[in-house]
Amino acid sequence: MSGQVIEFQDMLMKYTMESIIKVGFGVDLNCMSLSSNEDDEGSTFLKAFDDATQSLYFRYIDPLWKLKRVLNLGSEASLKRNIKVIDNFIYDVLRTKKKQLALNPDRNVKEDILSRFLAEKEKNPETMSDKYLRDIIFSFMIAGKDTTANTLCWFFYMLCKNPLIQEKVAQEVIDCTCSGSGENHANTNDILATITDETLQKMQYLHAALTETLRLYPVTPMNGRCAMEDDILPDGHIIKKGEEISYLAYAMGRMRYIWGEDAEIFRPERWLKNGVFQPESPFKFISFHAGPRICLGKEFAYRQMKIFTIALLHFFHFKLADESKDAIYKVTFTLHMKGGLHLRAIPRTTQTNSRQEQL
Ligand code: HEM
């Protein structure tokens, strides 16, 4: 990928889908491999998944969607087709997993989320139908795919817009993944082998930079809740049962009243004290939601995003393909980047050599 322009957002969508399917359900999707093509089962599924999410979003803005559903027209017709592809794929995953467990009953049932649910199903078969399990799998895909992909997309965009911060993150990555002797590693597998919980824990600046991205670009830019009973908010505002309240995480992340005068500036340092990450109350930093329904995958997401960043920033420096262009968002359920993110990856060694040549 060195030097050539890459559409990063699309690559990230594939990466996070593969990752959630592997970790969540123990299945390899293989849609990122070089040998994969658009007709592969994995790629077909991925496309159906993305198109179905888009069609569902249309329901919020198209007043005729119910009529289209009855007449099986337009976005509703394609939604129906895509749901079929998604269902077939998920039921296939379920069948394979059940077979694996039947063939090897001593297998570690904790190895992925689906195996855990299937183990529970055996104890209480009537509480979990296949349709219920399908919905569980689908919910994890929705919760775990676009969220980390979009955050990483904005994160790399921010790094390109702030090259000094990119170098600081890269330096931390290199410092933490080199052996004690300061020896640098040759390939991605060597680097990945150095990643342990301890290594990830050490990366406080990277953690701060990812969190700063989520403050400015919360994946769920708008969210809401419906009151189950009459209530009074802390500021004295009265809410009646059944009333809906929305909050705008995107606006909250940019309010000077909450974050100070430099609220709109990307400054990872705001999260650090003596180089150590300082968390904020989730009611202030609302990107993962707060309270009893706070994101269940938060720690997993940070790990996934850190590992991805380490694997890339260790070897490459990134630049925007068109430095004069500012990215804008496209709101679907999550905060996509309109038109994707086009980047150039420059190998660090080449960059170092050319700097030396310039000197
Ligand atoms: C940067 C990445 C992520 C962000 C910003 C994020 C954000 C959120 C938000 C705002 C919610 C609340 C949604 C609502 O109730 O209206 C949520 C819920 C949830 N998230 Fe995440 N999420 C991320 C990654 C993940 C990942 C990777 C997983 C799974 C592995 C995951 C699993 C879940 C689940 C299961 C819920 C539902 C929790 C519940 O209702 O009790 N999330 N997430």
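Side-chain atoms are counted along with the backbone in the values below, which use heavy atoms only and exclude waters and symmetry mates. First listed ligand is number 1; within each ligand, the first listed atom is number 1.
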What residue and heavy atom of the protein are closest to [atom], and at what distance?
atom                    : result
atom 1 (C) of ligand 1  : T151 OG1, 3.4 Å
atom 10 (C) of ligand 1 : S287 O, 3.4 Å
atom 13 (C) of ligand 1 : N223 ND2, 3.7 Å

Subject >> atom 37 (C) of ligand 1 touched by protein (heavy atom, under 4.0 Å) >> reply: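 Within 4.0 Å of atom 37 (C) of ligand 1, no protein heavy atoms are found.
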**OP:** Please report how many protein N/O/S atoms lie under 2.8 Å from atom 21 (Fe) of ligand 1.
**Re:**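 Counting protein N, O and S atoms closer than 2.8 Å to atom 21 (Fe) of ligand 1 gives 1.
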Original post:
Could E167 and R348 be called an ion pair, given the rule that one side-chain N must be under 4.0 Å from one carboxylate O?
Top reply: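 The answer is yes: the pair qualifies as a salt bridge.
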**OP:** Could you tell me whether K98 and D130 make a salt bridge, using a distance below 4.0 angstrom between a side-chain N and a carboxylate O?
**Re:**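 D130 and K98: salt-bridged.
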Original post:
Which of the listed options, I113, I20, L210, V23, holds the heavy atom that is closest to atom 30 (C) of ligand 1?
Top reply: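 Among I113, I20, L210, V23, the closest heavy atom to atom 30 (C) of ligand 1 belongs to I20.
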**OP:** Check each of E299, K145, R293, R225 against atom 15 (O) of ligand 1 and report the one with the nearest heavy atom.
**Re:**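 Checking each option, the heavy atom nearest atom 15 (O) of ligand 1 is found in R225.
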When you compare the side chains of [X] and [Y], does any donor N or O come within less than 3.5 Å of an acceptor on the partner?
X    : Y    : value
H207 : Q201 : no
Q171 : D175 : yes
T199 : T196 : yes
T211 : Y302 : yes

Original post:
Hey, which atoms in ligand 1 end up nearer than 4.0 Å to a heavy atom of L214?
Top reply: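 Listed by number with element, the hits are 5 (C).
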**OP:** Look at the rings of W271 and F277 and say which category their plane angle falls in: under 30° parallel, 30 to 60° tilted, over 60° perpendicular.
**Re:**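 The rings of W271 and F277 lie parallel, inter-plane angle below 30°.
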Original post:
What is the ring orientation for Y329 with Y250, classed by angle as parallel under 30°, tilted 30 to 60°, or perpendicular over 60°?
Top reply: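 Taking Y250 first and then Y329, their aromatic rings stand perpendicular (interplane angle over 60°).
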Subject >> Apart from L296 itself, residues in the same hydrophobic cluster as defined by side-chain heavy atoms under 4.5 Å >> reply: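 So far as hydrophobic clustering goes, L296 is joined with none.
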